[in-house]
**Q** 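Dropping a structure here in structure tokens format, bear with me for questions.
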Amino acid sequence: MVNAQMVSGYLDNSFNALVVSGGGESGGQTQNGVTDTTLSGWKDLPMELLLRIISVAGDDRMAIVASGVCTGWRDALGWGATSLSFSWCQDHMNELVISLAHKFTKLQVLSLRQIKPQLEDSAVEAVANSCHDLRELDLSRSFRLSDRSLYALAHGCPRLTRLNISGCSNFSDAALIYLTSQCKNLKCLNLCGCVRAASDRALQAIACNCSQLQSLNLGWCDTVTDGGVTSLASGCPELRAVDLCGCVLITDESVVALANGCPHLRSLGLYYCQNITDRAMYSLAENSRIRSKGMSWDTAKNSRGRDDKDGLASLNISQCTALTPPAVQAVCDSFPALHTCPERHSLIISGCLSLTTVHCACAHHRHRAGAGRAILSNHAY
């Protein structure tokens, strides 16, 4: 195996030779025994050095420009670049992606997030035809895309683990169902605002095909009902983050199913889910207690210092106006990582005026400490 220090020295010498001499014939040995290679021009940069320069620059535009310098650079970047973002592109993104997709065949992470709608199906098809190793793709705010894009990704990018199609309101549930039947390794899926795609039928397909799913955003998918969510809870037990904000049709049944079926749940968004009642809160709290009782004494003793790493760490129940203080306090007491204090605000109850008396353990400790200081101060006089 080549010594890493020798390789690093070779790259440094190559770069210094290029900068100092601007080209020339190959040299001999350096004092460190590393070949001192001078370069005839920028196009002769070693692949490792080129990739280092691009990575240090930290600007994906440089990688794109560099790919057009010569075939050597194009091939080097095509084999070496695994992550790329076009989010900086404010005009002509579609044409740019089409012209470059075939150059970056080893991409694993690609962001095509847009400020204004530019991307069309032809660009996504170009990516799907060339980037078969893609794992993470951000297509958020791609308002012009149709089902053609999802079908292309299903055929060309079966290794996807993270997909963000939030705001892509033209996708149908049939296309999403087909995608999940081919991309079964999905772990993170953002469907926020995908009203047509995120149907109960689609959620049932996700539950059937994507058992490794850990994060799902269904924000403002207002046709989702308890039937879809309960399917997810039974089919995706690894779920850690679920956002149901604005899913106005769901009831306590959804929360009860998630509490029972997803033991690793860390984040739950229920903003504006006004059918949620105390029953949902007590279900979350009770499941926490049941799991705690299921621990052996040694496990419980060893996990005391890690309580904030287990169970709910984020809960948004803003505008859930049917909830009462005792039920929400029971949840807060059951999950040490939930906080109402300003420093670690993770139990969000804005818009629920009746819940202002709910406080986390931090607030209780602070109140006791303040009372203790007051008593000591009074005794001092």
Side-chain angles (χ1 to χ4, degrees), residues 192-193 215-222 224-226 228-230 232-233 239-293 307-372 374:
C192 182
S215 176
L216 180 62
N217 189 333
L218 294 171
W220 306 105
C221 296
D222 54 13
V224 169
T225 71
D226 292 332
V229 178
T230 52
L232 285 170
L239 276 170
R240 287 158 169 75
V242 180
D243 194 340
L244 298 170
C245 295
C247 295
V248 294
L249 298 181
I250 67 166
T251 71
D252 294 334
E253 296 301 328
S254 291
V255 179
V256 170
L258 290 170
N260 290 333
C262 304
H264 308 295
L265 195 63
R266 294 283 285 162
S267 177
L268 180 60
L270 298 171
Y271 172 75
Y272 212 75
C273 296
Q274 296 188 326
N275 293 322
I276 299 299
T277 72
D278 288 352
R279 178 177 169 233
M281 298 297 102
Y282 284 122
S283 176
L284 290 170
E286 184 61 26
N287 271 277
S288 171
R289 295 192 188 99
I290 289 172
R291 293 191 184 101
S292 296
K293 289 178 181 177
D307 280 346
D308 61 343
K309 296 181 181 179
D310 300 312
L312 277 178
S314 177
L315 177 63
N316 187 344
I317 50 175
S318 297
Q319 302 296 333
C320 295
T321 52
L323 298 177
T324 65
V328 178
Q329 188 65 60
V331 173
C332 195
D333 293 341
S334 299
F335 299 102
L338 287 179
H339 295 275
T340 57
C341 50
E343 299 85 0
R344 306 169 67 183
H345 196 51
S346 58
L347 176 58
I348 305 170
I349 55 177
S350 57
C352 301
L353 298 179
S354 64
L355 301 181
T356 54
T357 57
V358 175
H359 294 293
C360 62
C362 297
H364 289 305
H365 291 322
R366 193 160 43 240
H367 177 72
R368 292 194 195 102

**Q** If you define the side chain from C-beta out and look only at heavy atoms, does anything of Val331 sit under 4.5 Å from Leu338?
**A**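 A side-chain contact exists here, since the closest heavy-atom pair is under 4.5 Å.
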
**Q** State the CG-OH distance between Leu244 and Tyr271, to the nearest 0.5 angstrom.
**A**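 Answer rounded to 0.5 Å: 14.5 Å.
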
**Q** Supply the atom-to-atom distance Leu323 CG to Gln319 CD, rounded to the nearest 0.5 angstrom.
**A**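 These two atoms lie 11.5 Å from each other.
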
**Q** Kindly determine whether Ile317 and Val328 satisfy side-chain contact (heavy atoms from CB on, under 4.5 Å), including the steps that lead there.
**A** CA-CA 9 Å; Ile317 50 175; Val328 178; 3.8 Å; yes

**Q** Can you give me the closest heavy-atom contact between Cys247 and Leu218, atom names plus distance?
**A** SG-O, 3.2 Å

**Q** Has the side chain of Ser346 got a donor or acceptor atom that lies under 3.5 Å from a matching backbone atom of His339?
**A** yes

**Q** So how far is it from Asn260 CG to Leu265 CG, rounded to the nearest 0.5 Å?
**A** 11.5 Å

**Q** Which heavy atom in Cys273 sits nearest to a heavy atom in Gly246, and how many Å separate them?
**A** SG-N, 4.3 Å

**Q** Please, which pairs that meet salt bridge (charged side-chain N to carboxylate O under 4.0 Å, His left out) have at least one residue in residues 346-362, sequence neighbours excluded?
**A** none

**Q** Check Ala257 against Ala233 and note the closest heavy-atom contact, atom names and distance.
**A** O-CB, 3.4 Å

**Q** Is the backbone of Thr324 close enough, under 3.5 Å, to the side chain of Asp278 for a donor and an acceptor to pair up by distance?
**A**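 Looks like yes, one N/O pair under 3.5 Å.
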
**Q** Could you tell me which non-hydrogen atom of Ala285 sits nearest to which non-hydrogen atom of Ser334, and how far apart they are?
**A** CB-OG, 3.4 Å

**Q** Is the count of non-hydrogen atoms from other residues, nucleotides or ligands lying under 6.0 Å from Tyr272 atom OH greater than 12?
**A**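 Atom OH in Tyr272 is not crowded, with 12 or fewer foreign heavy atoms closer than 6.0 Å.
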
**Q** Let me confirm one number: the CD-OG1 distance from Gln329 to Thr357, rounded to the nearest 0.5 Å.
**A** 7.5 Å

**Q** Okay, side chain of Asn275, backbone of Val248: is any donor-acceptor separation there less than 3.5 Å?
**A**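 Side chain of Asn275 to backbone of Val248, a donor-acceptor pair under 3.5 Å: yes, one is there.
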
**Q** With a 4.5 Å limit on heavy-atom distance, are the side chains of Arg266 and Leu312 in contact?
**A**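 No; the side chains remain at least 4.5 Å from each other.
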
**Q** Enumerate the residue pairs fulfilling salt bridge (charged side-chain N to carboxylate O under 4.0 Å, His left out) with a member in residues 244-254, sequence neighbours excluded, ordered by first and then second residue.
**A** Glu253-Arg279

**Q** Quick check for you: to the nearest 0.5 Å, what is the distance between Cys245 atom SG and Leu270 atom CG?
**A** 7.0 Å

**Q** In Å and rounded to the nearest 0.5 Å, what is the CG to OH distance from Leu284 to Tyr282?
**A**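 Those atoms lie 12.5 Å apart.
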
**Q** Stepwise, does the side-chain contact (heavy atoms from CB on, under 4.5 Å) test hold for Asp243 with Leu216?
**A** CA-CA 6 Å; Asp243 194 340; Leu216 180 62; over 6 Å; no

**Q** Please give me the minimum heavy-atom distance between Ser254 and Asp226, naming the atom from each residue.
**A** OG-OD1, 2.6 Å

**Q** Please give me the minimum heavy-atom distance between Ile250 and Val224, naming the atom from each residue.
**A**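 So the two residues come closest at CG2-O, 3.8 Å.
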
